[in-house]
Amino acid sequence: MSEYLYPINDILFSLRSVAKTQRLTPYIEDALDDDLLEAILGEAGKLAEQVIAPINASGDKQGSRVENGEVIEATGFKEAFKAYSEGGWIGLSGDPEYGGQGLPSCVATAVNEGVQSANLSFSLCPLLSLGAIEAISLHASDELKQQFLPKMLAGEWAGTMNLTEPTAGSDLAAIACKALPDGDVFRIKGQKIFITWGDHQMSDNIIHLVLARLPDAPEGVKGISLFIVPKFLLDDQGKPSERNDVHVVSVEHKMGIHASPTCVMSFGDNAGAVGYLVGNKNEGIKAMFTMMNNARQGVGLQGLAISERAYQQALEYAKERKQGLNAERTERAAIIEHPDVLRMLMMMKSQIDAMRSLIYVAAVENDLSHVATGEQKAQSAARTALYTPIVKGWITEQAQEVTSLAIQIHGGMGFIEETGVAQHARDARILPIYEGTNGIQAIDLIGRKLHSDNGAAMNALLLEIDNEIAQWRQFGLNEYADKVSVVLEQSKSATELCLAAMSKNAVLGTGLAYPYMMLMGYLIGAWLQVRALHAAKTESNLNEEQQDSWAHSVSFYCDHVLPRSLAYLYEIKFGQPTVDKLNKNVFNR
């Protein structure tokens, strides 16, 4: 079982040279000073490596449990959460008015990559807190912000997201949880399921954000409101006191992320749980989407993070495990000398490099959508919306392959739990499912993002890629420019086909959504891989070995990974007639 090493050099390169954090400097003065950034990430790496990673395997074995109506988390998690909170990591990008440090979210993303690689189960608690903080920051009243944000940004109180019900999964319109007016507050009654870190003992309070319906609410998603429901009500000094009428019923027994309690939560078994309205009545879905979009980018980051952890373990094993002879057949060889193992390792590395580039490019664009002004703000908001389903969908699909390859490299030992590599695959399997399945992400991309503006945001992205390809040719990267150009032109054609299909029938057109999302993921991955190579060859701070590493990664990606886009292109080109004919009756026997 390998130790985790925070890849600070790869992260700094992705931030500075691929995501181009200097784009933020006109809007955030001195916020991305190189020395400060390196110092922050250096300390984040120590936290991930020395405090959070060591309890990953033990947490997987131990899991969580319910005792006397309370969830008891795995041993060591409370102490790790205390170290994380006291280090100020939860408030890194928070509003300084409420105790945050006001740094760009891309810095917090870089910190969170280490936390998530080190221990995916642990990282889910701060991930949900960050989403709750953003939703409250953007939609709650000033009074509620003052009441809850300082403690949440300090890590003294955690946050959760309560959407799903037994009869309402992705279809939020079916939500039945009720909110009954009671003076200045509301009484929440109902049950929520699949609530990540819905209860624990790591913080003094847990702030649940809950979707519920008012008595006079209209049907469907237009009748949903959002409420803050604290585990403990606050006294006159704003301190936790009386227990609210909210309780954990049970925790699920899951395939992976065993140390993350996935709870069934009951609200209002007695008088009703006290809740406070966030934003306007019947506009809860808008506020919740703020939290969900934050979480969707966070889940994409988890896909990268768990892939990095699996890759590190596979690489270490490949260097140590001796099996067979070397090419000269003179002595036993470590399996890393065998071409097929090298192929699998490079398949992992090249995709991780592309995933990391996309994560940080999207994070910087998200920052610009908040801090920029005028046309730049609008462009970055549109680009962030476009990136979000690809970040969540494409990256988490790649994580399935990467973690599976890590097991394959271990051979039979990978199938044995004691080596620890199987945990990464088990943990990664949830990623394409939660915060909206990847099918939903694809529909979001082809519907809300592509069809709604008739392709304007996507065509702007394709034009940017086109212009950058011309720059590569001037620098002598013609081989890569040619390969990416082929897929770019095909992607333009696929975009037109998808727009036509959606215009003809927006329901049937979504049958092309998944291949379109995957096609765009592979194209963007190639674009950013060659951008990274271009930067590596022109960056004076990269040595020859680092430049060579990037050259191999990009070459492998363009030769072995990018061609996969052809399958999705042909599925779009030739699949529409079949999709139009699909109906549930084809499965009758």
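Sequential numbering from 1 along the given sequence is applied to the chain's residues. What's counted below: heavy atoms across the whole structure, side chains too, no hydrogens, waters or symmetry copies. What you see is a predicted model; the values in this text were computed from it and never measured.
- Under the 3.5 Å distance criterion, the side-chain polar atoms of Lys504 are left unmatched by any main-chain donor or acceptor of Gly509.
- Of all the heavy atoms in Phe77 and Gly59, the pair that sits closest is CE1-CA, 4.0 Å.
- Here the side chains of Phe556 and Arg343 are in contact, with some heavy-atom distance below 4.5 Å.
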Would Lys222 and Asn282 satisfy side chain to side chain contact (heavy atoms under 4.5 Å, CB included), going step by step from the backbone distance to the final call? CA-CA 6 Å; Lys222 294 181 180 180; Asn282 304 325; over 6 Å; no

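- To the nearest 0.5 angstrom, Cys125 atom SG is 8.0 Å from Ile90 atom CD1.
- Distance alone, capped at 3.5 Å, places no donor-acceptor pair between the Ser380 side chain and the Lys377 backbone.
- Nearest approach of Arg356 to Leu304, heavy atoms of both residues: CA-CD2, 3.7 Å.
- In terms of heavy-atom proximity, Arg296 sits nearest to Glu435 at NE-O, 2.8 Å.
- By the 4.5 Å heavy-atom criterion applied to side chains, Gln302 and Leu120 are counted as neighbours.
- Judged by distance alone, the side chains of Ser64 and Glu73 never bring a donor and an acceptor atom under 3.5 Å apart.
- Looking at Gln312, its side chain does come within 3.5 Å of a backbone N or O of Leu5 through a donor-acceptor pair.
- A side chain to side chain donor-acceptor pair (under 3.5 Å) with Asp427 holds for exactly one of Gln423, Arg429, His424; it is Gln423.
- Using a 30° and 60° split on the angle between ring planes, Trp197 and His200 fall in the perpendicular class, above 60°.
- Looking only at distances, no side-chain donor or acceptor of Asn366 sits under 3.5 Å from a matching main-chain atom of Thr384.
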As a quick check of understanding, evaluate side chain to side chain contact (heavy atoms under 4.5 Å, CB included) for Met265 and Val210, giving each step before the final call. CA-CA 11 Å; Met265 303 295 297; Val210 183; over 6 Å; no

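- No donor-acceptor contact under 3.5 angstrom links the side chains of Ser491 and Tyr516, judged on distance only.
- Considering only heavy atoms from C-beta on, His552 stays 4.5 Å or farther from Lys349 through its side chain.
- Looking only at side-chain heavy atoms (C-beta outward), Ile524 and Trp527 come within less than 4.5 Å of each other.
- Around atom CZ of Arg448, no more than 12 heavy atoms belonging to other residues, nucleotides or ligands sit under 6.0 Å away.
- In this structure, Trp550 and Phe13 have tilted ring planes: the angle between them lies in the 30° to 60° band.
- Judged purely by atom type and a 3.5 angstrom limit, Tyr4 has no side-chain atom pairing as donor or acceptor with the backbone of Gln313.
- The shortest side-chain heavy-atom distance between Leu523 and Leu462 falls under the 4.5 Å cut-off.
- Minimum interatomic distance between Val71 and Val251 (heavy atoms only, all atoms of both residues): CG2-CG1, 3.9 Å.
- Proximity of a side-chain donor or acceptor of Glu165 to a complementary backbone N or O of Cys177 within less than 3.5 Å is detected.
- Atom CD in Gln351 sits 10.0 Å away from atom OG in Ser553 (nearest 0.5 Å).
- A distance of 11.5 Å separates CG of Leu569 from CD of Glu489, quoted to the nearest 0.5 Å.
- At most 12 heavy atoms of other shown residues, nucleotides or ligands fall within 6.0 angstrom of atom CD in Gln408.
- A salt bridge links Glu468 and Arg531; the closest N-O separation between the charged side-chain nitrogens and carboxylate oxygens is under 4.0 Å.
- For the atom pair Leu488 CG and Ile469 CD1, the distance stands at 5.0 Å (nearest 0.5 Å).
- In this structure, Leu209 CG and Met161 CE are separated by 9.0 Å, a value rounded to the nearest 0.5 Å.
- Listed for the Ser117 side chain is no donor-acceptor partner under 3.5 Å among the backbone atoms of Gly114.
- Looking only at distances, no side-chain donor or acceptor of Lys192 sits under 3.5 Å from a matching main-chain atom of Cys263.
- Minimum heavy-atom separation, Tyr84 to Phe122: CB-CZ, 4.2 Å.
- Lys254 contributes a side-chain N or O that, together with a main-chain N or O of Ser260, makes up a donor-acceptor pair within less than 3.5 Å.
- Glu397 approaches Pro432 most closely through the heavy-atom pair OE2-CB, 4.1 Å.
- Annotation: side chain of Leu562 is not in contact with side chain of Gln529 (no heavy-atom distance under 4.5 Å).
- The closest side-chain heavy-atom distance from Met347 to Glu401 is below 4.5 Å.
- The distance from the CG atom of Leu163 to the OH atom of Tyr434 is 14.0 Å, given to the nearest 0.5 Å.
- A donor-acceptor distance shorter than 3.5 angstrom exists from the side chain of Gln400 to the backbone of Ala428, with no hydrogens or angles considered.
- The shortest distance between side-chain heavy atoms of Lys392 and Leu431 does not fall below 4.5 Å.
- The side-chain contact (heavy atoms from CB on, under 4.5 Å) search around Ala110 returns Tyr6, Ile11, Leu15, Leu41, Tyr360, not counting sequence neighbours.
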Under the side chain to side chain contact (heavy atoms under 4.5 Å, CB included) criterion, do Phe267 and Gln191 qualify, and how do the steps go? CA-CA 6 Å; Phe267 295 85; Gln191 188 179 87; over 6 Å; no

Go through Leu463 and Asn459 one step at a time and tell me if the side chain to side chain contact (heavy atoms under 4.5 Å, CB included) criterion holds. CA-CA 6 Å; Leu463 178 61; Asn459 286 326; over 6 Å; no

